[in-house]
Every structure is written in structure tokens, then in C-alpha cells.
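Everything on this sheet refers to the single structure shown next.
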Amino acid sequence: MMFVDNHSNTRSPAAGASGTVVPPAHLWARLLRFGMGCALLFQALGVWPDLKYIATWNALVPTSVTEMLNFRWFPRVGWFTHLLPHVGLDGQKAFVFFFALYTMLLIALIVNFYPKITSLLVFVLHLVIAGSIDFTLYGVDRFASIGLFYCVLAPGRIALPEKSDALWRSIAVRRLLQFHLLVLYWNAGIAKSFGPQWWHGDAVWTAVTQPIFRGMIDVASLAALPGVAVLAGISTLMIEIGYPFFILPKKTRSFWLAAVVSMHLGIGLFMDMWSFAFVMIALNLGGFGAEYVAELLHWRPQMAWRPFGRKAEMERAVNTR
Amino acid sequence: MNVLSRRLRRLPFLLFIVLQGLLLFFGAFSWRPGPKLGRWRGPIEAYATVTRTLGPYRFFAPPVEPGLFVQIHADGPPAFDEILGNDMTQEAALKIGATQSSFSFYRNVPLLLEFASRQFFERHPEYKRVEVTFGWYRVPSRTAWRSGERTSMRKSLQMSFQRSD
């Protein structure tokens, strides 16, 4: 529970009366936007060199086919094909235009430039692009949409001393994001636990031996040490099923957050699914990591650069419990 | 009075938060708006799809199976070999100028392979001939791997294309 600033507190910048670091109410939103922006920019930069092969009318999976299979009201590039030629953006140029705009807005999201309107535009553009190149994506676009939706709902900038209504909204949206993450991980963990594959380590083995996952793992060593795959499978189940029970209590939160972040880094390393890993890490840090980032900023105040709040702002944001 | 007006002011947003929470909770257990919702069904479905509120979130949940693959081979030098998988993106490894897709959606596999070869020739003009194979990958068990068995492709259709220009 966060309270309004206590300006009389002369203790260390981000430490509350109990010594616990309490971040300013909007820090989580900045963190989420920064994380989502970085993760999606990373993905977008990976797609740029191959854009014409992925998102054009002549791509392997032509965009017209993808758009036909989506819901008719789902936003897509095709909606603008009658308008864009009037401004010289026909055919492939339309995709390049949308993607360039999307990339620039991601940079704006990272630097927290007009955060509310930028978040909304990125959210809509992401839907438009995802709706037109659906087949080239996997679960990452879905989680990216979830993250961007919370970026839209999250507060932009809360004036200090924090207004009670703005503070209330910020806490409510953050709680909703946290609830979403609890449901998401618990649901995924329970669904996995019904499959014996996850208990025997076969799921991990099958995943990493598939030719499309070119991670850094040596498959031969995984075969030689069967216990490693079993351990990885069971750890995944424990982390996901235990998420609601261990991420909420403050005593276990840091440990569980580190475990979840490690799990996603492992997915990035061993399965080469970096975009997915970064998006999930951003969601987790936005939902539960603000306190730790505040601590980090307190320890190294020179890191309190603009995306997380100006140094002076951080110093004023002394909350008490 | 102040407290009451503040509560009233907060009510719509609180209602939205509660409804969103309910939607994502029940959506995670595969609830979908049914016909009983009448005229609300469409808007709820649209909202939930756009905001990705409805689950389930069963990524990699049981079972993990090898999917369909398209394998591309072109004679060298240097020889070119690449594999495209179903559903999972091989990030930053889109070497052939095409990307994975849900191949199972395509009933016309020869056309799909022709598309792949066209993309390949466009991207790699130095190659004159390409062999495209469509099939399943079979992953051996860990025990079988230790005894020397390796991942193999069960070919379903193989086609060769020659550059015409």
C-alpha cells in the first residue's frame, strides 16, 4: 500500500520510514513502458531486414490471406489500402510506412515521450501489424498486446505530491496487471502439470531438440544427463504454479521474481526466443519489480535518468508506510 | 459528502477494473461469450480479442510436439540448408527470405513450396536450383539419442525448382 509523499522525511531518497524502498506511484508504469518499448524495438529491428518477405502482399504467406482469416473487425493494414495510395503509399510502401511509424513510436515509448498517447498509438499499430502478419508470429505478439494494453491504462505522470485519485488509479491498474500475471502463470503451470511430458523432462527435451530452436544448449549433454531435463521441467512447473503464492508475499517476492526472470532468460538462451523472453521480463518487472528498481536507483542515483524519473523527482518521492 | 463524491467519481473505473478482472479470470478457464449474452456477445468478444484478455495461456502446455517443417536445400558452393518450422519463429534467422507459418492452414502444399522457392530465388540469386521438402520432424527419446539415433525428417512431399531466367 502506498501513501502520499512525506516531505518532512529527511531519510535517504527512496527509503520509507521503515527503511523499505517504496517507489513513486508511476515508476512501475515507466518501467513497464521502458521494458515493453525495448523488447518490441528489439523484435522490430530483427524483422526490418526481412520485412518485405514477411509483411507484403507477395510474402510467403500473403498478407491478404492472413487478413482474411482474422476477425473482420480486427484492425489491419488492408483497411488503409484505399487511403494510402493518395499520399503515395501503395503496395509495399504501406507496410514500410506502418512499420517505420511503429518503430519510431517504440523509441518514443522508451524515452517516455507523451507516454499516454504514445502507448495508445503503439498498442493500435501493434494490433494493425499483428493482424496483417499473424502467421509470422507466435505467442509473443499476444503477450506484447497485453503489455501494451497496460501501458495504455497506466498513469503517465503523477504530479508530486501525488494526487489521491491519480495514485488510486495507478495502484488499481498495477493490481490488475499483477492479477493478470498471477492468472497467466498459474493457468500455464496447471495446464502443463497435466502432461506427463513436463514431469519426465520430455517436454524440455522435445523443445530444445527441434531444429527451429537454435539455442546455446548442447543437446548431447542434455541426453547424457537426463536429470537436467527433468529438473528443468519440474522447476518450470514449480515456478509457474507457485507464482501466485510466492510472488505476492514480500518476503519471497524478490526470490520468485528472480526465478521467473531466470526462467525467461533460459528460454531466450536455450530456445532463441528472445523477444518472448524480453516481453515477459518487462511484464514481470512492471508488475512486481518497481520496488527493486527504486532500490537500484537509490543505490546508484546517477542511474535515475529520464525514463525512470528525474533524479530530483526521485529524491522528492519519499513515501512512507 | 467529499468522500461520497470521490467514491462516485471512482466508480466507473473501479467497475472497469472488476469486469476486466472477471473477464480475464474466467477467460483463462476457457470461458467464451455465448449466445445468452445476446447483443453484448459481439462487443465483448471484440474487446477481449483486441485486448487479449481471454486465455487460456497454455503456451507449451501439453504436449510439446514436433510440428510441420519446410526444409530448403540448394546445391552450392556453398550448399544452403535451412529449416522453417510451424508456429515458432526463428528470430533473426530468416535466411531464406520467407518465414514460418501455420502450414497446417494450407491445403495446397505444392503451392506453398513453390512460394518458398520463389522467395528463395529472389533472395539468393546466386543459386540455380533448390530442393524444398515438406514433412514432420521426429525427435528421438533421450535413450535413443544416447544410442546414436538423431532427429530425422519424415518427408511428406519433396519438390525441386529450377531458376528459369
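Proteins come first, then strands; the chains are lettered A, B, ... in the order of their sequence lines, and each starts at number 1.
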Please examine the side chains of A/Asp141 and B/Arg52, heavy atoms only from C-beta on, and report whether any two atoms are closer than 4.5 Å. yes
For A/Phe99, the ring pair (Phe, Tyr, Trp, His ring centres under 6.0 Å) test, sequence neighbours excluded, returns A/Trp48, A/Tyr102
Counting only heavy atoms not in A/Trp186, do more than 12 sit closer than 6.0 Å to its CH2 atom? no
Rounded to the nearest 0.5 Å, how far does OG1 of B/Thr53 lie from NE2 of A/His180? 6.5 Å
Is there a side chain to side chain contact (heavy atoms under 4.5 Å, CB included) between A/Arg169 and B/Leu14? Walk through the geometry before answering. CA-CA 9 Å; A/Arg169 272 177 183 247; B/Leu14 184 66; over 6 Å; no
Only residue of A/Leu182, A/Asn187, A/Val183 satisfying side chain to side chain contact (heavy atoms under 4.5 Å, CB included) with B/Phe25 is A/Val183
Determine the minimum heavy-atom distance between B/Arg142 and A/His200, stating which atoms define it. NH2-O, 2.6 Å
Value rounded to 0.5 Å, distance of CG in B/Leu24 from CG in A/Leu176: 6.0 Å
For the atom pair CG (A/Leu127) and OG1 (B/Thr51), what is the distance rounded to the nearest 0.5 Å? 9.0 Å
Out of A/Trp205, A/Phe149, A/Phe123, A/Phe179, which one racks up the most heavy-atom pairs below 4.5 Å with chain B? A/Trp205
Can you name the residues that form a salt bridge (Lys or Arg N to Asp or Glu O under 4.0 Å) with B/Arg10, not counting sequence neighbours? A/Asp165
Evaluate the criterion side chain to side chain contact (heavy atoms under 4.5 Å, CB included) for residue pair A/Leu153 and B/Gln20; output intermediate values, then yes/no. CA-CA 12 Å; A/Leu153 290 181; B/Gln20 174 74 10; 5.8 Å; no
